[in-house]
Amino acid sequence: MGNKQTIFTQEQLDAYQELPKRCFNKNNLAPLALPAVKAMLVGMTLPCSCAVSQDNPFRQRIAEVFSEHGDGNMTLDDFLDMFSVLSEMAPRDLKAYYAFKIYDFNNDDYICKSDLAKTVNKLTRNELTPEEVSLVCEKVIYEADVDNDGKLSLADFQHMIVRAPDFLSTFHIRI
Amino acid sequence: NGKKAREEGSQKKDRGKTAPNKDQKESENKEKRTTKRGKEGENKQKKGRKNSTSSASSNSSDEESLSEEELAMLKDQVEQKKKLISTMRNKPWRMVKKLSALREAQDFVEKFEGALGKGKGKKLYAYKMMMAKKWVKFKRDFENFKTQCIPWEMKIKEVESHFGSSVASYFIFLRWMYGVNLVLFGLIFGLVIIPEVLMGMPYGSLPRKTVPRAEQATAMDFSVLWDFEGYIKYSALFYGYYNNQRTIGWLKYRLPMAYFMVGISVFGYSLMVVIRSMARNANESTADGDDNNFIFSWKMFTSWDYLIGNPETADNKFASITTSFKESIVDEQESNKDENIHLRRFLRVLANVLIICCLCGSGYLIYFVVKRSQTFSKMQNVGWYERNEVEIVMSLLGMFCPPLFETIAALENYHPRIGLKWQLGRIFALFLGNLYTFLLALMDDVNEKLAEEDVVKNITHWTLLGHHNSSAANDSAVTPAPLDPADVPRGPCWETTVGIEFVRLTVSDILVTYITILVGDFIRACFVRFVNYCWCWDLEAGFPSYAEFDISGNVLGLVFNQGMIWMGSFYAPGLVGINVLRLLTSMYFQCWAVMSSNVPHARVFKASKSNNFYMGLLLLILFLSLLPVAYTIMSLPPSFDCGPFSGKKRMYDVIQETIELDFPLFVAKIFSYLANPGLIIPAILLMVLTIYYLNAVSKAYQRANAELKKKMQMQREEEKSKRNNKASTNPMLQDLEDLLTPSTKSESPPKQAEDKKTESPNGSSPARKPGRGEGLAGSPMAGGRGAAFTAPSPVFVAQPRTLGARAPYPGQPRPWGHPLGPVPGRGRGQPCYPRAAR
């Protein structure tokens with residue numbers, strides 16, 4: 001990964017231990033403490049940037065997909081969710097599902113042409129001309145769109161991606 | 001409660017802290033999560049739990065009265081919940097949802113599991129369940145432990161993040177080889193070397209275990225030891241040391257039998273492990289020649305390697321992705337150039353001829369050199385060069401021929417991937433040819449030694465006899481003193497010679513590899529880095545620049561090294577130990593070299609399809625190295641005075657001996673029946689027929705697969721043409737579409753005219769509002785699927801937009817049911833189209 005920072009720094013760990021004392025009444029501690037602590041602690045930082053490389057063009061999308069409200073802040077659960085999906089033991093279908101969500105920039109459950117164009121531009125850092133970009137997008141839709149609605153639904157995407165030989169090896173993060 | 005929460009919180013903190021540092025993240029964390037969170041869930045929902053337990057307690061009183069069907073149903077439900085628990089991690093839900101579902105399922109299972117057994121049976125059932133649970137937990141812990149034991153995970157991860165997955169795949173292969181060699185070493189060391197060393201006769205007691213008198217003066221010299229002569233030759237490392245006693249020690253350990261069986265099982269185990277690995281790879285890669293259908297899609301969605309963590313590699317990756325897109329675009333846009341086919345063919349034939357000449361030349365060179373080394377060994381004053389000439393020549397050939405092949409291959413003008421496969425094939429042929437020439441020359445040597453042996457046998461016999469007579473003559477009463485083992489004349493012991501040759505070859509291979517890495521990578525990197533300041537041209541950009549990690553060269557080197565080990569391990573049991581050391585040091589050394597002196601590939605390519613290719617090479621080498629060993633075991637007589645099979649006519653006679661002497665009579669009979677050709681030939685025929693049948697079945701499956709693919713393709717084309725036809729032949733609907741989405745009106749006609757598959761907002765946007773489509777129970781609005789329905793859909797959705805459409809005008813009847821309800825609305829909306837026109 002190239003990033004040596006651990007997820008929880010020492011101050012955060014101390015804060016983690018302190019929080020229940022400070023924020024809650026002793027009486028109603030137990031059932032509420034844990035989830036609130038989790039949410040508060042992890043909401044303070046943005047752990048996604050620690051886990052996913054800074055150079056990954058999709059890091060923002062990954063954060064948005066895995067965070068609870070789509071805003072990029074992840075709780076511990078979401079964080080573990082992300083690693084679970086991106087690990088090498090996750091099944092292909094699960095990865096395909098989340099890959100679809102990552103590449104669906106406007107969150108409309110379809111990968112439409114604008115999503116594709118954004119993907120291409122992120123992948124090539126805007127080096128291709130607009131004509132080239134639109135040619136690529138059209139080719140992709142032509143190749144993968146099975147139900148002929150001009151955009152890729154989850155079924156189209158899965159049908160196309162499970163045949164890809166590299167999908168499993170590139171769509172994963174090693175901790 | 002607070003304490004428990006904090007405890008669990010701190011447990012999770014530990015997990016969170018260590019998650020990025022350890023590699024057993026997912027399997028371990030998931031397991032921990034499902035158990036620990038189950039507990040947390042209980043903690044969180046204590047009240048809920050109380051309710052369920054109270055209901056459980058009230059249920060328990062009714063347990064006895066559960067009828068058979070209810071029991072069966074309950075059992076079904078419990079099974080279902082268990083299945084849900086086990087497949088929980090595969091479901092694409094959010095973590096919170098997963099947790100609650102998991103908790104619910106676990107509660108249900110716990111509540112009703114005890115209720116399923118009846119009376120006495122209940123206790124047994126509960127006990128069984130508890131044992132099953134314990135067993136599952138034990139398995140889980142064992143899996144975690146196993147994952148933790150995998151070595152070098154951090155190192156490989158580091159390499160991977162800098163260089164991508166293809167370079168890392170070499171190191172993963174290296175680690176796998178290390179594991180295999182470790183197992184082989186354990187087998188050989190534990191079953192052959194240790195018994196002989198511990199329970200066999202010590203050094204100096206037998207002629208075969210003692211350095212001959214003539215050589216004793218120089219036996220400790222470093223140069224002699226380096227050539228694996230002297231004391232090393234007469235040690236447990238080589239075949240000649242082993243005694244042919246049938247049983248040794250108080251355990252009555254049958255050493256010759258063990259030696260033979262271990263030799264066979266080395267090959268058996270390697271074969272099993274390679275094929276299992278190939279099968280696993282084949283299962284994972286479902287790519288079945290579908291390459292041309294999804295070029296752009298795959299480029300877009302699978303080209304970014306999420307493992308990359310280094311900015312430089314990322315830059316390279318971006319550049320290579322851009323280049324790859326541009327290439328495909330150019331391919332797509334341009335038509336193929338008309339090349340001169342004849343010229344190309346001629347050039348390719350010429351290139352192949354040149355390369356075959358090179359291969360033959362190298363083979364002859366090796367043969368010549370080995371012959372020369374035999375004459376050298378008979379001479380007295382041999383210099384260092386003459387002694388090591390064979391190894392040097394082989395290593396030099398291995399270093400210089402591949403680049404030569406690459407330059408010749410420039411004539412051929414192949415696609416890079418195909419060119420790479422040709423290159424690998426040629427290097428493979430080169431190494432193979434060298435190895436086999438070497439073996440042939442060695443066989444000549446062996447035959448010579450065999451001839452020599454007869455002579456020496458006689459000499460030994462007469463010497464011993466003479467010694468007896470002379471000592472008897474001196475003093476007839478006292479038993480004659482035995483001849484000192486160092487003085488007994490020795491046979492040439494061809495097996496040890498073969499073993500020594502292989503060990504020397506391996507050692508020189510190791511040295512050459514390490515020196516090449518040191519000089520070719522490290523010193524070159526130092527030179528480029530430091531001399532660049534005072535050099536005329538930019539060393540880093542032009543020649544020589546930093547080296548890239550040569551994946552295929554290294555993998556082939558590893559594969560061939562393993563082949564030599566397999567060949568030599570029967571005659572030199574210590575060879576596998578040397579290889580284990582070599583792989584261990586190689587891992588650290590190469591990791592360091594890669595990180596310090598190599599740069600990432602300019603053209604980052606995929607690792608996926610190559611895995612099975614390298615396994616296939618390994619399998620081929622395994623078979624090829626089995627052949628010489630099998631030949632020598634079956635057809636050459638063992639030496640008469642060294643090794644565990646000395647005195648026998650053939651090495652495999654040891655099996656016969658064991659069956660006769662150690663097993664009861666009927667076993668011998670069984671084996672004699674089994675070995676009957678009348679049984680073996682039909683068995684072989686049966687196996688051949690089975691292979692033929694399975695081959696035919698697999699071909700039939702492939703054909704069926706291709707048919708299905710074609711069908712899908714045809715369906716796709718059909719729907720595309722249907723859609724295009726439909727849209728253009730219905731002007732009424734076309735106008736409605738225009739009305740509905742005026743912004744896209746200008747786009748739609750030219751789009752249809754081009755007959756291209758483009759995004760059609762007309763068809764799709766209304767489809768996304770399934771709630772509005774009243775009376776459209778039958779239409780699959782959700783995905784816009786089904787060309788038949790997409791065209792009319794705007795019609796129906798238009799209705800709610802034009803408000804009040806449903807309120808019928810006075811006097812406007814609505815004779816038809818819902819589906820046609822919008823007609824009046826449409827009529828209203830488009831005053832110029834009378835209803836009748838529909």
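Proximity to chain B (any heavy atom under 4.5 Å) is restricted, for A:T119, to the side chain, taken from C-beta onward. Only the backbone of A:K122 comes within less than 4.5 Å of a heavy atom in chain B; its side chain stays farther off. For A:V133, no part lies near chain B; criterion is any non-hydrogen pair under 4.5 Å. Looking at A:L152, the atoms closer than 4.5 Å to chain B (heavy atoms on both sides) all sit in the side chain, from C-beta outward. With a 4.5 angstrom heavy-atom cutoff, A:Y103 touches chain B only via side-chain atoms.
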Open item on the list: salt bridge (Lys or Arg N to Asp or Glu O under 4.0 Å) for A:E64 and A:K101? Distances and angles first, verdict last.
Closed with: CA-CA 10 Å; A:E64 285 169 19; A:K101 291 182 86 175; over 6 Å; no
Open item on the list: Test ring-ring contact (aromatic ring centres under 6.0 Å, His included) on B:F301 and A:F157; report intermediate values, then the result.
Closed with: CA-CA 10 Å; B:F301 293 118; A:F157 184 79; 4.9 Å; yes
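Closest of all the heavy-atom pairs between A:M160 and B:S297 is SD-CB, 3.5 Å.
The most heavy-atom pairs under 4.5 Å with chain B, out of A:L94, A:L123, A:T124, come from A:L123.
Under the salt bridge (charged side-chain N to carboxylate O under 4.0 Å, His left out) criterion, A:E127 pairs with no residue at all, not counting sequence neighbours. The side chain to side chain contact (heavy atoms under 4.5 Å, CB included) check on A:L154 picks up A:Y97, A:F100, A:Q158, with sequence neighbours excluded.
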